[in-house]
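Below, chain A is the first sequence line, B the second, and so on; all start at residue 1. What you are looking at is a predicted structure, and each value in this text was computed from that prediction instead of being measured.
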There are 2 protein chains.
Amino acid sequence: MKVTLKEIAKLTGVHSSTVSRILRDSGDLNIPEKTRQHVKDIAAKLDYRPNELARAFRLKKTNTIGLIIPDISNSFFSGVARSIETESYKKGYNLVVSNTNEDIKKEELYVNNHLNRGVDGLIIAPSQGDSDYIQNLIERNIPFVLIDRDFIDLETSSVTSDNQKSAYEAVEYLQKMGHKRIGFISGRPILSTICRRVEGYKNAVQDFNLEQENALIIGGGYTIQSGYDAAIQILSASNAPSALLVSGNLLTIGVIKAIREKGMSIPQDISLIAYMDSRLAPHLDPPLCTIAHPLEEMGIKVFDLLLESIENEGKVEGTKVVVDTELIKRRSVAKINNF
Amino acid sequence: MKVTLKEIAKLTGVHSSTVSRILRDSGDLNIPEKTRQHVKDIAAKLDYRPNELARAFRLKKTNTIGLIIPDISNSFFSGVARSIETESYKKGYNLVVSNTNEDIKKEELYVNNHLNRGVDGLIIAPSQGDSDYIQNLIERNIPFVLIDRDFIDLETSSVTSDNQKSAYEAVEYLQKMGHKRIGFISGRPILSTICRRVEGYKNAVQDFNLEQENALIIGGGYTIQSGYDAAIQILSASNAPSALLVSGNLLTIGVIKAIREKGMSIPQDISLIAYMDSRLAPHLDPPLCTIAHPLEEMGIKVFDLLLESIENEGKVEGTKVVVDTELIKRRSVAKINNF
DNA sequence: CTGTTAGCGCATTCAC
DNA sequence: GTGAATGCGCTAACAG
């Protein structure tokens with residue numbers, strides 16, 4: 001049977017509340033070293049394990065946080081998750097992970113589920129498309145922080161990367177390499193990340209006098225298949241671009257597959273820059289020029305923000321942390337000679 | 001303020017226990033439809049959310065399971081984690097994920113942590129090297145299932161892949177392609193996966209009369225760096241092998257890096273088969289011949305086993321599920337002509 | 001210095 | 001058919 005405080009109390013002759021005090025080393029220093037040691041010894045001998053569930057219930061504090069992301073098997077999110085887990089462990093928190101699959105309905109369900117189970121706070125990479133339930137979290141003073149994606153018009157705390165800038169820089173680099181017609185495989189347009197990237201792309205196209213055309217921005221999904229479809233479409237056009245900027249891990253795999261199937265080579269026939277896993281990118285065929293995210297840093301920052309928010313009892317500060325990405329140049333971009 | 005059963009009881013004029021019965025649709029069907037509906041309406045209007053923490057405490061059932069793995073950012077584990085999460089969600093379970101970083105000390109800490117918090121069961125990819133605490137879990141009738149790695153001499157339930165066979169098949173294929181001197185970059189020798197792979201490798205080497213040499217089995221870590229180091233060492237030898245079998249995701253990245261740095265080409269100078277992420281492998285430079293794991297299947301099976309074990313209250317069945325891997329042939333293996 | 005009491009929110013047993 | 005009482009294990013007042 002499980003050994004409880006009461007059990008130990010019975011065996012030591014002191015009251016269970018005293019046992020609790022001793023075992024938690026709570027303030028009361030006026031307990032004689034003798035009883036103290038005795039109780040500790042007995043507890044150790046019985047292999048006493050505090051029932052954290054009862055404790056959490058009593059204290060209304062579970063030391064658990066929820067992480068709600070679209071896909072744990074996407075290396076961006078698993079990288080961030082890893083970093084968050086490491087941080088939270090250091091601070092005595094447990095991490096409950098949920099996968100939404102970009103399904104907003106499921107996301108909301110998960111949030112409620114977590115809340116009902118009493119998580120102390122939430123880290124969410126929202127599927128977006130609806131901010132009502134997020135608004136609701138704010139009103140209820142639930143401590144939470146957004147990661148990667150943000151609602152621009154909501155006063156939420158968030159940790160995102162500078163998508164506007166990273167897309168701009170990518171286009172700028174392609175332009176410097178002589179590209180004038182650049183396609184953008186975009187991803188779900190509803191996401192703040194995608195919006196900002198499109199903005200950055202458009203700004204750069206404008207600033208550098210590159211070819212502007214709606215058909216150059218394509219795609220809407222987040223799967224390998226949707227990357228494949230978009231690439232097939234854009235590359236089959238009579239005036240296909242000479243370079244592609246691809247906005248996601250899985251999309252990129254699909255795009256590469258499409259390029260290969262069309263019998264084209266990177267970068268001879270088409271140049272490529274991708275938002276992609278930078279640990280793997282050097283080893284792709286060919287090594288891919290990528291926009292790399294500081295995953296570890298993002299994980300640490302988002303957890304720290306959340307902890308702050310928990311300590312503030314959810315009172316919104318709306319701290320928006322924006323981290324920098326890095327354009328890592330690799331062989332997938334060719335220099336074009338314009339005759 | 002949080003709305004509780006008592007609250008609803010006060011507003012509806014029935015007792016909180018009745019409210020509980022109604023809201024849970026518990027057996028008692030003899031509650032008149034009228035009160036029933038009334039209570040439900042009020043509950044809905046107040047946006048009643050059961051305090052799952054209190055419920056879990058009362059019922060001694062958290063509907064939570066713990067997943068303890070070395071590294072969530074390793075695509076093997078994140079793939080399995082994703083599958084487990086999907087399954088557990090379907091069955092109303094939450095998933096708490098912990099990263100051990102192959103640190104057995106941390107692993108044990110985590111297990112205790114989870115247990116103290118009352119998880120209903122555990123899925124563990126053990127760091128091995130010590131099976132005492134696992135033994136302890138068995139004695140305490142804790143429901144748990146091992147994933148990927150198993151203790152051969154312990155009566156635990158587990159879901160693993162047939163490592164012996166997969167390594168054997170890989171060597172067999174290399175042999176068919178004309179290779180006679182095959183190196184094995186092995187990983188942590190303490191892991192059951194690695195042991196079995198070494199066995200398979202050795203058996204095949206013997207069966208096909210390939211070159212046997214201790215120096216051909218090398219490595220001991222699980223990081224990119226250790227893969228790199230091992231590859232540098234084995235490739236720098238005067239009689240380097242013509243093919244390499246690499247035993248892990250991260251190791252493989254290190255090995256490829258080493259090969260590249262040595263100015264060698266795959267497969268012209270060295271052939272490669274790897275235990276690696278099969279979603280990415282086709283897009284590596286060059287497309288990699290891999291041993292692919294059925295991640296989804298493994299996740300489903302391990303969760304189902306755990307559920308069974310939970311229902312059996314931890315009474316060990318020692319069900320050992322072994323899934324098959326698939327050797328996926330790609331360009332990284334060259335045919336050798338033996339003159 | 002330490003015991004007593006109370007209660008977190010819920011589900012269950014036993015009455016009536 | 002439903003209310004009352006009880007307790008899960010713990011901690012935090014409040015006594016004494």
Could you walk me through whether A:E85 and A:V97 satisfy the side chain to side chain contact (heavy atoms under 4.5 Å, CB included) test, starting with their C-alpha distance in whole Å, then the side-chain angles of each, then the deciding distance to 0.1 Å, before giving a yes or no? CA-CA 10 Å; A:E85 201 279 340; A:V97 179; over 6 Å; no
Quick one: label B:L53 by what it contacts on the DNA or RNA (base, sugar-phosphate, nothing), any heavy atom closer than 4.0 Å.
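Counting heavy atoms under 4.0 Å across all strands, no contact is made by B:L53.
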**Study point:** Touch class at under 4.0 angstrom, heavy-atom based, for A:G118 against every strand present
**Key:**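 It contacts nothing in the nucleic acid.
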How many Å lie between [atom1] on [X] and [atom2] on [N], as a whole number?
| X | N | atom1 | atom2 | answer |
| --- | --- | --- | --- | --- |
| B:E52 | C:dC8 | CD | P | 18 Å |
| A:R49 | D:dC8 | CZ | C1' | 19 Å |
| B:H38 | D:dG1 | NE2 | C1' | 16 Å |
| B:L5 | D:dG3 | CG | P | 13 Å |
| B:K2 | C:dG7 | NZ | C1' | 18 Å |
| A:N51 | C:dC8 | CG | P | 18 Å |
| B:K6 | C:dG7 | NZ | C1' | 8 Å |
| B:K34 | D:dG1 | NZ | C1' | 16 Å |

So, using salt bridge (charged side-chain N to carboxylate O under 4.0 Å, His left out) as the criterion, who are the partners of A:D47 when residues are at least two apart?
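Here the qualifying residues are A:R49.
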Practice prompt. Examine D:dC10: is either OP1 or OP2 under 4.0 Å from a nitrogen or oxygen in the side chain of A:Y48? Give yes or no.
Written response: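 So the side chain of A:Y48 is within the cut-off, an N or O lying under 4.0 Å from OP1 or OP2 of D:dC10.
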Can you tell me if the side-chain N/O atoms of A:K60 get under 4.0 Å from OP1 or OP2 in C:dG9?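 Indeed, a polar side-chain atom of A:K60 lies that close.
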- Message: I'd like to check, for B:F57, whether its ring lies over the base of D:dC8 with centroids under 5.5 Å apart and a plane angle smaller than 30°.
- Response: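 Check passed, B:F57 stacks on base of D:dC8.
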Show me the protein contacts with nucleotides 4-6 of chain C, counting only N or O atoms at under 3.5 Å.
residue: C:dT4; atom: O4; partner: A:S17; partner atom: OG; Å: 3.4

Open item on the list: Between the side chains of B:K90 and B:E87, is the shortest nitrogen-to-carboxylate-oxygen separation below 4.0 Å, so that they form an ion pair?
Closed with: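 Yes, charged N to carboxylate O under 4.0 Å.
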For B:K10, is there an ion pair with B:E7 - N to carboxylate O distance below 4.0 angstrom?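 A salt bridge is absent here (no side-chain N lies under 4.0 Å from a carboxylate O).
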- [ ] Apply side chain to side chain contact (heavy atoms under 4.5 Å, CB included) to the pair B:I84 and B:I123, showing each step before the final yes or no.
- [x] CA-CA 9 Å; B:I84 294 174; B:I123 294 172; 3.9 Å; yes
field: Flag for A:N63-A:R55: side-chain donor and acceptor within less than 3.5 Å
entry: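 The answer is no; no qualifying pair exists.
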Measure from NZ or CZ of B:K40 to the centre of the six-membered ring of B:Y48, then state whether that distance is under 6.0 Å and the direction lies within 45° of the axis.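 No, a cation-pi geometry is absent between B:K40 and B:Y48.
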Next on the checklist: Looking only at the side chain of B:L59 (C-beta and beyond, no hydrogens), which of the listed nucleotides C:dT12, D:dT2, C:dC10 gets closest?
Outcome noted: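 That would be C:dT12.
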